[in-house]
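I have placed the structure first, in the form of structure tokens, so that the comments after it can refer back to it.
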Amino acid sequence: MADSMKGLKRTHYCGDVTEAGQEVVVGGFVDRIRNKGGVIFIVLRDRTGIVQLLFNDKSNPEIFEKASSCHSEYVLMAKGKVVERESKNYKIKTGLVEIFVDDLRILAKAQTPPFEIVSDSNVNEELRLKYRFLDLRREPLQRNIIMRHEIAKVTREYFYENGFIEIETPMMMKSTPEGARDYLIPSRVHQGKFYALPQSPQIYKQLLMIAGYDRYIQLARCFRDEDLRADRQPEFTQIDLEMSFVDAEDIQECVEGFVQRVFKEIMNVDIPTPLPRLTFADAMNRYGSDKPDTRFGFEIQNISETVKDIDFVVFRNALDDGGSVRAINVKNGAGTYTRKEIDKLIEHAKGIGAKGLAYIRWADEPNCSFKKFLKDGELENICNAVNAEKGDLVLICADKDKTVLSTLGAIRLICGKRLDVIPEDKYNFLWITEMPFFEYDDENNTWVAAHHPFTMPMEECIEYLDTDPENVRAKAWDLVLNGTELSSGSMRITDFELQQRMFEALGMTDEEIQAKFGFLVDAYRYAAPPHGGMGIGLDRLAMIMCKADSLRDVTAFPKVQNASELMSECPSPVDDESLAVLGIKVDVKEK
RNA sequence: GGCCUGGUAGUUCAGUUGGUUAGAACGCUGCCCUGUCACGGCAGAGGUCGAGAGUUCGAGUCUCUUCCAGGUCGCCA
């Protein structure tokens with residue numbers, strides 16, 4: 001039977017016990033035990049830090065006996081006097097003192113944990129996720145989770161101070177099949193009908209503008225039934241906001257103020273504003289990405305002109321098919337990469353869709369993979385075009401523009417990481433503007449909306465809506481931080497007739513429109529102020545600010561790649577009775 | 001759905017060309033130790049080598065299938 005804490009009341013967190021002379025009561029988990037025979041040291045841990053408890057067999061044999069029966073992760077409460085240590089530990093905050101215990105309670109005994117609860121654990125993540133409640137006891141995870149809380153707190157303060165009202169929108173809403181797959185919730189009362197969990201509160205926040213709430217904010221949970229990535233969970237939190245009587249610049253200015261505030265307050269990092277801006281087209285051409293990491297160089301250069309006369313079939317074909325030949329010059333000694341390392345890059349490029357990569361490896365002399373097709377001076381011309389010098393590796397891709405850019409963009413990132421040229425303490429925010437309005441759907445050979453269908457086109461593009469979809473740009477923008485898409489925003493269409501034209505351009509019939517968003521279209525008939533907004537990924541922001549590699553490190557109970565949760569083992573089957581009530585028959589597809 | 005990486009004591013890993021009883025460190029258990037702080041010393045327990053099949057006199061090691069986890073492409077209006 002465990003002890004009770006009767007008669008004891010915690011006076012201090014472990015990490016706060018720094019002054020000798022006082023009587024304190026602390027509670028926590030046993031972090032470590034050092035039993036020297038006649039004296040025992042127990043290191044007690046709570047969310048604030050650790051403190052050393054001291055036990056001596058001469059002064060109190062009974063308590064000493066109890067202390068020697070303790071093991072890792074037991075939950076203890078201890079009362080005692082804070083004294084100066086005989087030999088001090090200057091490495092930790094509480095290292096100058098210790099608690100000479102005169103009352104010890106073992107409040108709960110612990111089984112031996114499946115892995116050690118230590119800061120620098122490199123235990124298999126699968127196991128840690130199965131015992132997430134133990135993993136969450138570890139200091140790095142506690143620090144991340146608490147930091148995320150601080151970020152959320154500053155977020156609310158900033159937006160509240162700027163006149164935003166926090167309004168909760170429904171978690172059970174109408175399913176809209178566009179975009180990401182919805183998580184569906186069956187209705188018991190309306191058998192055969194379903195709610196959906198929100199992919200975002202998009203529609204509701206627009207309705208709130210129509211309703212006159214003017215500035216709305218919500219730390220909104222969002223759900224998308226799509227495959228996971230290190231920076232993508234099926235369930236995530238957005239700092240969701242919408243503003244009335246504003247244009248794009250006003251919203252961006254407001255968000256700039258926010259990132260400035262949160263970085264200053266949480267990390268004491270100054271973010272200069274206004275943040276740099278890059279058009280989508282420029283981002284693609286220079287970095288091969290709509291979310292470029294601008295903390296390092298190796299930018300993409302178009303060398304189509306330089307190589308147009310070279311008699312190399314790979315370049316020839318690409319140019320004849322209306323594509324291009326582009327290159328990145330990887331510096332910082334990549335010219336000494338081995339053949340094997342380069343082959344690995346080429347393999348990766350093939351995985352992205354390129355047919356291969358040509359290269360110039362300049363260790364001592366420029367060594368070119370397509371040397372035999374070159375005439376005198378042509379190699380020099382290419383090297384000059386990309387400013388190559390000794391020690392560089394020039395990687396060249398020839399194909400359709402889209403393939404060339406995405407390939408070189410991805411290879412650029414890999415090389416940057418491998419050569420360790422990305423400064424860790426730099427925070428490069430970047431607005432990506434003038435996003436394309438339509439995207440070509442290769443599967444169905446149609447143009448589809450790149451954003452939700454209420455996104456405003458840029459005024460000067462409206463005339464091309466029906467004739468030249470490729471050149472229509474949206475009043476939509478992304479906020480990128482160090483190569484991660486943090487946030488996405490746009491102005492919304494408030495003009496009823498323009499909205500009708502948009503739906504037509506997207507090939508939607510009146511019936512479809514009515515069935516899917518009839519209520520929203522109707523709402524706009526009752527007049528809406530000009531408005532727009534953004535959704536900022538709180539998880540991703542926290543991930544970057546915590547210097548974590550995965551959202552799992554800033555999410556208390558994350559899901560794994562197949563969207564299940566290893567601790568509770570959800571999703572899980574339900575019994576037939578529960579299904580019958582919902583009118584659902586399960587027909588599982590064989591693999 | 002495609003591609004890549006990984007799976008050996010509780011944990012992290014090693015394991016040679018296929019060859020005797022599968023090793024180390026940490027953790028765990030017991031004993032010793034009055035100033036440790038990643039305490040130390042002595043002793044000990046602990047293995048379905050992810051699972052299944054195949055090749056072989058013999059498989060942790062080779063082949064195939066499969067499961068699990070991670071990364072990535074597709075996907076994410």
Side-chain angles (χ1 to χ4, degrees), chain A residues 31-43 50-59 64 68 71-73 83-92 94-96 98 111-131 134 176-182 199-200 202-203 222-234 236 344 347-354 406-407 410 413-414 435-439 441-443 447-455 474 476 485 488 490 502 506 508 516-517 537 549-550 552 560-562 564 566 591:
Chain A
D31 195 63
R32 270 212 153 73
I33 298 172
R34 292 184 282 269
N35 189 333
K36 294 295 297 177
V39 60
I40 298 173
F41 304 98
I42 292 182
V43 178
I50 54 174
V51 68
Q52 178 166 285
L53 308 179
L54 171 66
F55 302 88
N56 188 314
D57 66 344
K58 293 256 164 48
S59 51
F64 186 85
S68 65
H71 294 272
S72 284
E73 299 306 314
V83 295
E84 280 204 35
R85 291 197 194 182
E86 275 181 31
S87 57
K88 299 183 171 46
N89 182 346
Y90 295 95
K91 283 184 280 189
I92 56 171
T94 60
L96 306 185
E98 61 198 347
Q111 242 175 260
T112 303
F115 53 88
E116 290 177 72
I117 314 297
V118 292
S119 290
D120 53 346
S121 170
N122 62 334
V123 172
N124 181 354
E125 200 176 11
E126 189 181 347
L127 186 75
R128 288 181 9 224
L129 286 169
K130 189 172 171 195
Y131 297 92
L134 295 178
T176 50
E178 276 78 22
R181 272 183 288 269
D182 287 328
Q199 295 175 26
S200 100
Q202 187 63 41
I203 288 172
C222 303
F223 306 84
R224 292 180 188 173
D225 187 3
E226 296 292 345
D227 287 351
L228 281 73
R229 291 284 188 282
D231 62 356
R232 215 195 286 163
Q233 283 274 316
F236 58 99
K344 201 142 192 206
E347 271 315 300
H348 202 98
K350 285 180 179 166
I352 297 162
S406 57
T407 302
L413 273 182
I414 292 170
M435 306 288 284
F437 200 94
F438 296 100
E439 266 173 357
D441 178 358
D442 293 323
E443 263 178 48
W447 289 95
V448 297
H451 315 275
H452 58 82
F454 315 105
T455 305
E485 182 192 322
S488 200
S490 70
M502 287 314 309
L506 293 167
M508 292 174 72
K516 282 172 185 166
F517 337 92
D549 295 323
S550 163
R552 293 187 296 273
V560 299
Q561 200 171 31
N562 65 12
S564 63
L566 298 178
K591 275 194 179 172

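These numbers come from the heavy atoms of this one structure, side chains and all, not from hydrogens, waters or symmetry mates.
Rounded to whole Å, atom P of G7(B) lies 17 Å from atom CD of Glu125(A). If you take CD1 of Ile117(A) and C1' of C28(B), they are 14 Å apart, rounded to a whole angstrom. Taking atom CG of Asn124(A) as the reference point, atom P of A9(B) lies 11 Å away to the nearest angstrom. The CD1-C1' distance, from Ile414(A) to U5(B), rounds to 14 Å in whole Å. Rounded to a whole Å, the CG atom of Asn122(A) is 14 Å from the C1' atom of G27(B). Distance CG (Leu127(A)) to P (C68(B)): 17 Å, rounded to an integer number of Å.
Distances shown here put a side-chain N or O of Arg229(A) below 4.0 Å from the OP1 or OP2 atom of C73(B). Proximity of His71(A) to the phosphate of U29(B): a side-chain N or O atom is located under 4.0 Å from OP1 or OP2. Taking only side-chain nitrogens and oxygens, Ser121(A) never comes nearer than 4.0 Å to OP1 or OP2 of U11(B). For Arg552(A) and G71(B), the shortest distance from a side-chain N or O to OP1 or OP2 is below 4.0 Å.
Atom-to-atom distance recorded for Arg552(A):CZ and Arg128(A):CZ is 9.0 Å, nearest 0.5 angstrom.
Atom name P, nucleotides A45(B) and G30(B): the rounded distance is 15 Å, in whole Å. If you take atom C1' in G44(B) and the same atom in G27(B), they sit 14 Å apart, rounded to whole Å.
Comparing His451(A) and Asn562(A), the nucleotide of RNA chain B nearest to each residue sits closer to the 5' end for Asn562(A). Remark on RNA chain B: of its neighbouring residues Phe115(A) and Ala180(A), the 5'-side contact belongs to Phe115(A), judged by nearest-heavy-atom nucleotide.
The main-chain N or O of Pro234(A) is never found under 3.5 Å from a side-chain atom of Arg224(A) such that the two would form a donor-acceptor pair.
Across all strands shown, U29(B) forms a Watson-Crick or G-U wobble pair, both distances under 3.5 Å, with A43(B). In this structure, A77(B) forms no base pair with any nucleotide, since neither Watson-Crick nor G-U wobble geometry is met with both distances under 3.5 Å. Nucleotide U66(B) forms a pair with G50(B), judged by Watson-Crick or G-U wobble geometry with both contacts under 3.5 Å.
Between Phe64(A) and Asn56(A), the shortest heavy-atom distance links the atoms CD1-C, 3.5 Å. Nearest heavy-atom pair, Ile203(A) versus Thr176(A), reported as atom, atom and distance to 0.1 Å: CD1-CG2, 4.5 Å. The minimum heavy-atom distance linking Asp182(A) with Asp225(A) is given by the pair O-CB, 4.0 Å.
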Nucleic acid footprint by protein, nucleotides 34-47 of chain B - heavy-atom cut-off 4.0 Å, B for base, S for sugar-phosphate alone: BBBBSB--------
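For Val123(A), the side-chain atoms get nearest to U11(B) when compared with the rest of U11(B), C26(B), C75(B).
Under the 6.0 Å cut-off for aromatic ring centres, Phe454(A) and Phe517(A) qualify, their centroids lying closer than that.
Ion pair Arg232(A)/Glu226(A) not flagged as a salt bridge, since none of the NZ, NE, NH1 or NH2 atoms sits closer than 4.0 Å to an Asp/Glu carboxylate oxygen.
In this structure, Ala410(A) reaches neither bases nor backbone, as no heavy-atom distance under 4.0 Å exists between it and the strands shown.
The base of C76(B) sits within donor-acceptor range of the side chain of Arg232(A), with an N or O pair under 3.5 Å. Side-chain to base pairing of Glu116(A) with U12(B): no donor and acceptor N or O lie closer than 3.5 Å to each other.
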